[in-house]
Amino acid sequence: MGRILRRFAPQIQKQRSLLIGAFLALMAETLLRLLEPWPLKIIFDSILLPGVNRPAIVLPGIGSVSPLVLLSLLTVGSIGLAVLRGAAAYSSAAGMAVAASRVMAEVRGDLYSHLQRLSLSFHNQAKTGDLIARVTQDITRLREVTVMALLPLLASSLTLLGMVGVMFWLHWEMALIALGIFPLFVLTTTRATRRIREVVRRQRRREGAMAATAAEAMGAIKVVQALSLQSMLESTFFSHNRESLQEDAEAQKLSAGLERTMEVLVTVAVALVLWKGVQLVLQGSVTPGELLVFITYLKTAFKPIRQLAKYTGQIAKATASGERIIDVLDQIPDIRDTRGALTAPPFRGAVWFEQVSFAYDSGSSILRNVTFAVQPGEHVALVGPSGSGKSTLVSLLLRFYDPLEGRILIDGHDLREYKIDSLRRQISVVLQDSILFAASVRENIAYGNLDASNAEIEAAARLANAHEFICNLPQGYDTLLGERGATLSGGQRQRIAIARAAIRRAPIVILDEPTTGLDNHSEQVVNDALRRLTRGCTTFTISHNLHAVEQVDRILYIENGRVLEQGTHTELLALNGRYAKLYQLQSNVRSIHSKRSGENTVLPA
Ligand code: ADP
């Protein structure tokens with residue numbers, strides 16, 4: 001808990017005044033609680049035992065009053081104390097709850113922003129569902145437990161301290177007897193707490209895994225149903241579910257067991273005090289009223305310890321949740337703005353890869369000593385077998401990763417000199433399967449440039465050959481798309497993605513197999529849009545279809561992470577190397593296909 005509180009100190013600091021107010025109310029509540037048994041003590045010692053028929057009782061500072069008047073005063077006093085204590089308790093609980101909610105809302109916001117900024121190397125490893133569980137469930141749990149368990153515990157602990165003080169002041173011997181049982185409490189609690197925490201931590205991890213399984217299955221429900229993977233995924237989910245249930249039950253049992261042990265220990269303490277106390281009363285060294293106060297205190301004072309047993313499970317859960325949140329917050333994005341990074345000036349678009357080598361975490365090297373230069377406005381195609389490193393190469397240009405060796409320059413400056421946002425803003429990307437968001441068509445295009453006007457959005461859609469079909473949608477540009485744009489055809493999605501790329505007016509464009517999987521007509525329409533999108537821009541096209549990139553200014557043939565050949569299509573054919581062979585192979589397959597079906601089809605890789 002200490003680690004969690006320290007980590008969230010900046011957010012807690014902002015609620016300082018509210019927290020101080022709530023804490024003062026808590027102190028008042030404690031004080032009033034300490035006073036609570038005293039009217040009863042006076043009733044016992046000054047009214048009940050001496051007899052109501054006494055003519056008068058002398059009160060210091062007030063004078064003599066009749067027992068009935070004193071009784072009435074004490075009754076009113078008791079009610080007054082209870083009302084005041086209620087008000088103080090309400091203020092402290094409400095204040096703390098509001099402060100806790102505000103703190104956690106801020107932590108949640110920070111966590112979400114942090115997650116969005118973490119590098120791809122983190123997200124590639126992490127499970128989406130588990131991350132979502134952290135942003136939603138874990139934060140909620142931490143907040144609820146802080147309000148429902150931690151704060152009452154804090155209140156009772158303060159009361160405990162106060163009461164122990166008063167008990168020693170009243171009679172130190174009896175106080176010692178009462179507290180003699182304390183070490184046993186500490187021992188039992190620590191041991192049980194440790195076990196509960198272990199179980200709960202395991203359970204939290206399992207719940208994260210469950211969320212991840214569910215998220216993965218729902219995200220790919222089409223594939224799951226098509227491959228009939230339901231039962232397989234269900235059994236994974238169910239087994240996690242069952243084990244989580246068992247762990248939950250185990251934690252509950254441990255917690256309930258601890259609570260009962262505590263109750264027994266409290267009873268023992270009270271019995272011992274009573275045994276000694278009655279003897280002291282009979283000897284006359286303690287009044288019966290004082291013994292009453294003592295016993296009441298003892299019962300109340302042990303409340304936090306009983307509560308600790310009751311809340312241990314919950315607090316352990318919250319701690320586990322807090323740790324899961326902190327684990328993410330402590331992740332440092334490995335790609336981040338370097339110190340002193342500048343906002344990139346408008347690029348001309350000269351790109352230079354200088355002896356670039358790269359490997360993913362898994363170790364084996366993906367790019368080796370890649371060197372090439374691209375002129376502003378030049379159109380370059382990256383071709384080669386699948387898995388040769390083409391997509392990785394453009395990821396480096398976008399600074400999703402940094403090269404292990406060598407550097408990448410734009411207009412003569414290392415990418416790392418620039419702020420990442422300002423770099424990426426000047427690069428447009430169209431991928432094979434463009435992801436659209438569950439928002440309107442207009443918003444989806446505007447995500448390319450959030451400052452774009454409606455006229456610019458429409459112009460971008462026209463450039464992308466998308467205006468016409470968008471107008472035919474039920475609500476035109478305001479039509480809401482399904483999640484990931486699932487309500488559109490592949491070609492339509494690509495054209496919206498092209499409009500989104502166009503609206504950036506970026507000097508550098510990356511096309512990663514943007515027409516793969518489209519039918520011939522869609523491919524033509526999309527290609528036409530792409531030509532307009534890339535006019536005058538430095539363009540990198542990744543393509544497995546060599547016929548589609550014959551016309552580009554230069555072709556880089558990549559195999560095994562190396563640029564083996566480069567030149568125009570004609571030059572590479574004349575070279576008669578690997579490119580020429582691959583081209584020949586594809587031409588043969590193409591002619592067989594067209595003979596069979598009488599038309600050109602999209603070729604497999
Ligand atoms: P291409 O685009 O030429 O098909 P990629 O650049 O996608 O090739 O992949 C090159 C190699 O890097 C492949 O062997 C692939 O398995 C590996 N790879 C791609 N992405 C990752 C990743 N996120 N983590 C680890 N390895 C990866």
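Counting starts at 1 for both ligands and their atoms, in listed order.
Phe358 has its ring centre no less than 6.0 Å from the ring centre of Phe353.
Applying the side-chain contact (heavy atoms from CB on, under 4.5 Å) rule to His467 yields the partners Glu458, Ala461, Arg462, Cys471, Tyr477; only residues at least two apart in sequence or on another chain are considered.
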For residues 229-240, tabulate all N or O donor-acceptor pairs below 3.5 Å that involve a side-chain atom, not counting sequence neighbours.
residue : atom : partner : partner atom : Å
Ser235  : OG   : Met232  : O            : 2.9
Thr236  : OG1  : Met232  : O            : 3.1
Ser239  : OG   : Thr236  : O            : 3.2

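Atoms of ligand 1 lying under 4.0 Å from any heavy atom of Thr392, numbered from 1 in the order shown and given with element: 5 (P), 6 (O), 9 (O), 10 (C). The Ser386 neighbourhood of ligand 1 comprises atoms 4 (O), with distances under 4.0 Å to a heavy atom of that residue. Atom numbering of ligand 1 starts at 1 in the shown order; those under 4.0 Å from a heavy atom of Asn124 are 23 (N).
Between Ala466 and Arg495, the closest heavy-atom pair is CB-CB, 3.9 Å. Nearest approach of Lys317 to Asp248, heavy atoms of both residues: NZ-OD1, 3.3 Å.
Looking at Ser391, Ala359, Gly561 and measuring to atom 2 (O) of ligand 1, the nearest heavy atom belongs to Ser391. Among Tyr401, Tyr360, Phe400, the residue whose heavy atom lies closest to atom 25 (C) of ligand 1 is Tyr360.
Only the side chain of Ile366 comes within 4.0 Å of ligand 1, judged by heavy-atom distances.
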